Asks: 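Before I ask anything, let me first share the structure, which is written out below as structure tokens.
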Amino acid sequence: MTSSATKTAPQAKNTPLRRFLNGESDITFIGRGRTWAIISLALIVISLASLGVRGLNFAIDFTGGTSFVISDATDEFTSGDLRDAMGEFGVTDVTAQVVDEGDGALVSTPELGEVGGELDRAATQALAEVTGADINDIDRQAVGPRWGAQVTEQALLALAVFLGLVVVYITLRFEWRMALSALVTLVHDIVVTIGVYALVGFEVSPASVIALLTILGYSLYDTVVVFDRVTEETKFLGAAENRTYGELANGALNGVLVRSLSTSVTSLLPVGALLLIGAQLLGADTLQDLALALFIGMAVGTYSSIFVATPILVALKEREPRVAEHKERLLTQRGGGT
């Protein structure tokens, strides 16, 4: 007598990694809100202290300097060769970029004195020797700080308009507590990003300012995605719900965590490639300013959308009488339950 056994396909184990990838993780974000607040406040304090002690390293577009435009070059050279040529005269903080497929270059240095002066002539001669260009094909001029100041003024105006529109849109789309949370998160991103620049000494150029405005939109996108999920999860909050607003928000945050991290990684990878290949390997210094600010800002924005925005929202919402009463009732039931 024989017996047959029904074979079933083995089921995959429901491991923590699988639950995480499926959006079913149960990481405690809201319950550790005080920890994230301490970390964020520490980052802000360090950033402000760095800004006050070290200050920002502004490019010549903001401070003024000397600009050299080289054309009809005949020798092969790199941006590093151009910086080394300036370094022989003790000139540092040089920005150099090879253009026109190697037939030209743009070089910016701190103020070298009067155009046509001794140091200016020596620097021009050194650049001519490195590039093989005729000295008459090197155009040099003094660069004033006015253009950089205009960029800063316009950027600050754009920032103010942007933040105002953000508050209006999120208030109309969601509610004012979410708008306030998003606004605090954006200010956090700005302060920490600027603090990193001050702490490390990265050069601040107009490209950095433009990138700073760009990353605010990226950070806001992540925050709005989380808030939309929180709104969906908490819209039926009432007597029949056995979870607090904070617990529902924590579940919503876990639900979109993989999406947020995936968006961040796929955004950081091309920016990292731009920073490595464009700036380091190809010597495009102007790309470095843009890519560096984008990379730092995106990383900070990813952190804030997870650890700053939603905990602030929960803290504000739990001051609302209806939400506070619901939480108190549930906690009382749990404490006195069998």
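Predicted, not measured: the structure shown is a model, and the values here were computed from it.
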Asks: Give the C-alpha distance, both sets of side-chain angles, the deciding distance and a yes or no for side-chain hydrogen bond (donor to acceptor under 3.5 Å, both in side chains) between Thr78 and Asp81.
Replies: CA-CA 5 Å; Thr78 65; Asp81 295 332; 3.3 Å; yes

Asks: If I compare all heavy atoms of Leu316 with all of Ser181, which pair ends up nearest, and what's the gap?
Replies: CD1-OG, 3.6 Å

Asks: Are the side chain of Arg54 and the backbone of Leu199 linked by a donor-acceptor contact shorter than 3.5 Å?
Replies: yes

Asks: Would you check if Val224 and Arg173 make a side-chain contact, meaning some heavy-atom pair closer than 4.5 Å?
Replies: no

Asks: Would you confirm whether Thr74, through its side chain, and Gly132, through its main-chain N or O, come within 3.5 Å as a donor-acceptor pair?
Replies: yes

Asks: Determine, using the 4.5 Å side-chain heavy-atom cutoff (strictly less than), whether Ile38 and Val45 are members of one ILVMFWY cluster.
Replies: no

Asks: Any sub-3.5 Å donor-acceptor pair from Ser40's side-chain atoms to Ala37's backbone N or O?
Replies: no

Asks: How about Leu56 and Ile194: do any of their side-chain heavy atoms sit closer than 4.5 Å?
Replies: yes

Asks: Count the heavy atoms belonging to other residues, nucleotides or ligands that lie under 6.0 Å from CD of Glu328, then report whether that count exceeds 12.
Replies: no

Asks: What is the minimum heavy-atom distance between Ser50 and Gly195, and which atoms define it?
Replies: CB-O, 4.1 Å

Asks: Considering non-hydrogen atoms only, spot the tightest contact between Ala309 and Thr223 and give its length.
Replies: CB-CG2, 3.7 Å

Asks: Using every non-hydrogen atom in the two residues, find where Leu220 and Leu186 come nearest and quote the distance to one decimal.
Replies: N-CD2, 4.3 Å

Asks: Quick check: do Val256 and Asp222 have side-chain heavy atoms less than 4.5 Å from each other?
Replies: no

Asks: Is Leu261 reachable from Ile27 through a run of I, L, V, M, F, W or Y residues, each pair having side-chain heavy atoms under 4.5 Å apart?
Replies: yes

Asks: So do Leu159 and Ile190 actually touch side chain to side chain, heavy atoms under 4.5 Å?
Replies: yes

Asks: Within the structure provided, determine whether Asp75 and Glu129 are in side-chain contact (heavy-atom separation under 4.5 Å).
Replies: no

Asks: CG of Leu253 to CD of Glu233: how many Å apart, nearest 0.5 Å?
Replies: 11.0 Å

Asks: Mind checking the CG-OG1 spacing from Asp103 to Thr131? Nearest 0.5 Å is all I need.
Replies: 10.5 Å

Asks: Could you give me the CA-CA distance, side-chain angles and deciding distance for Arg177 and Arg319, then say whether side-chain contact (heavy atoms from CB on, under 4.5 Å) is met?
Replies: CA-CA 11 Å; Arg177 293 175 183 84; Arg319 294 177 178 271; over 6 Å; no

Asks: Evaluate the side-chain proximity of Met86 to Leu127: yes if any heavy-atom separation is below 4.5 Å, no if none is.
Replies: yes

Asks: What is the minimum heavy-atom distance between Gly246 and Ile30, and which atoms define it?
Replies: O-CG1, 3.6 Å

Asks: Keeping Ser304 on the side-chain end and Gly301 on the backbone end, is there a donor-acceptor pair under 3.5 Å?
Replies: yes

Asks: What distance separates Leu313 CG from Phe174 CZ, expressed to the nearest 0.5 Å?
Replies: 10.5 Å

Asks: Would you check, one step at a time, whether the test side-chain contact (heavy atoms from CB on, under 4.5 Å) holds for Phe227 with Thr310?
Replies: CA-CA 7 Å; Phe227 284 176; Thr310 308; 4.3 Å; yes

Asks: For Val230 and Tyr245, what are the C-alpha separation, side-chain angles and deciding distance, and is it a side-chain contact (heavy atoms from CB on, under 4.5 Å)?
Replies: CA-CA 9 Å; Val230 170; Tyr245 185 93; 3.6 Å; yes

Asks: Is the ring pair Phe29/Trp36 parallel, tilted or perpendicular, if the boundaries are 30 and 60 degrees?
Replies: tilted

Asks: Indicate the atoms forming the closest heavy-atom contact of Ala105 with Leu82, along with that distance.
Replies: CB-CD1, 3.7 Å

Asks: Within this structure, what is the OG-CG distance for the pair Ser79 and Leu106, rounded to the nearest 0.5 Å?
Replies: 11.5 Å

Asks: With sequence neighbours excluded, what pairs up with Tyr221 under the side chain to side chain donor-acceptor pair (under 3.5 Å) test?
Replies: Arg259

Asks: Starting at OG1 of Thr185, measure out to CD1 of Ile312 and round the result to the nearest 0.5 Å.
Replies: 5.0 Å

Asks: For the backbone of Val69 and the side chain of Asp139, can you confirm whether one donor and one acceptor N or O come within less than 3.5 Å of each other?
Replies: no

Asks: Report the distance from atom OG1 of Thr263 to atom CG of Leu268, rounding to the nearest 0.5 Å.
Replies: 10.5 Å

Asks: Could you tell me whether the side chain of His326 and the main chain of Glu318 form a donor-acceptor pair under 3.5 Å?
Replies: no

Asks: Does Val300 share a hydrophobic cluster with Ile39, counting links as ILVMFWY side-chain heavy atoms below 4.5 Å and allowing steps through other members?
Replies: yes

Asks: With sequence neighbours left out, write down each residue that passes ring-ring contact (aromatic ring centres under 6.0 Å, His included) with Phe295, or none if nothing qualifies.
Replies: none

Asks: Do Leu51 and Tyr197 have side chains that approach each other closer than 4.5 Å (heavy atoms only, starting at C-beta)?
Replies: no

Asks: Checking Leu294 against Thr214 for the side-chain contact (heavy atoms from CB on, under 4.5 Å) test, could you report, in this order, the C-alpha distance in whole Å, the side-chain angles of both residues, the deciding distance, and whether it holds?
Replies: CA-CA 8 Å; Leu294 286 174; Thr214 303; 4.0 Å; yes

Asks: Check for me, please, whether Val168 and Leu180 land in the same ILVMFWY cluster - side-chain distances under 4.5 Å, paths through other members count.
Replies: no

Asks: Does any part of the side chain of Ile44, heavy atoms only, come nearer than 4.5 Å to the side chain of His188, both counted from C-beta?
Replies: yes

Asks: Side-chain heavy atoms under 4.5 angstrom apart, residues restricted to Ile, Leu, Val, Met, Phe, Trp, Tyr: same cluster for Ile70 and Ile135?
Replies: no

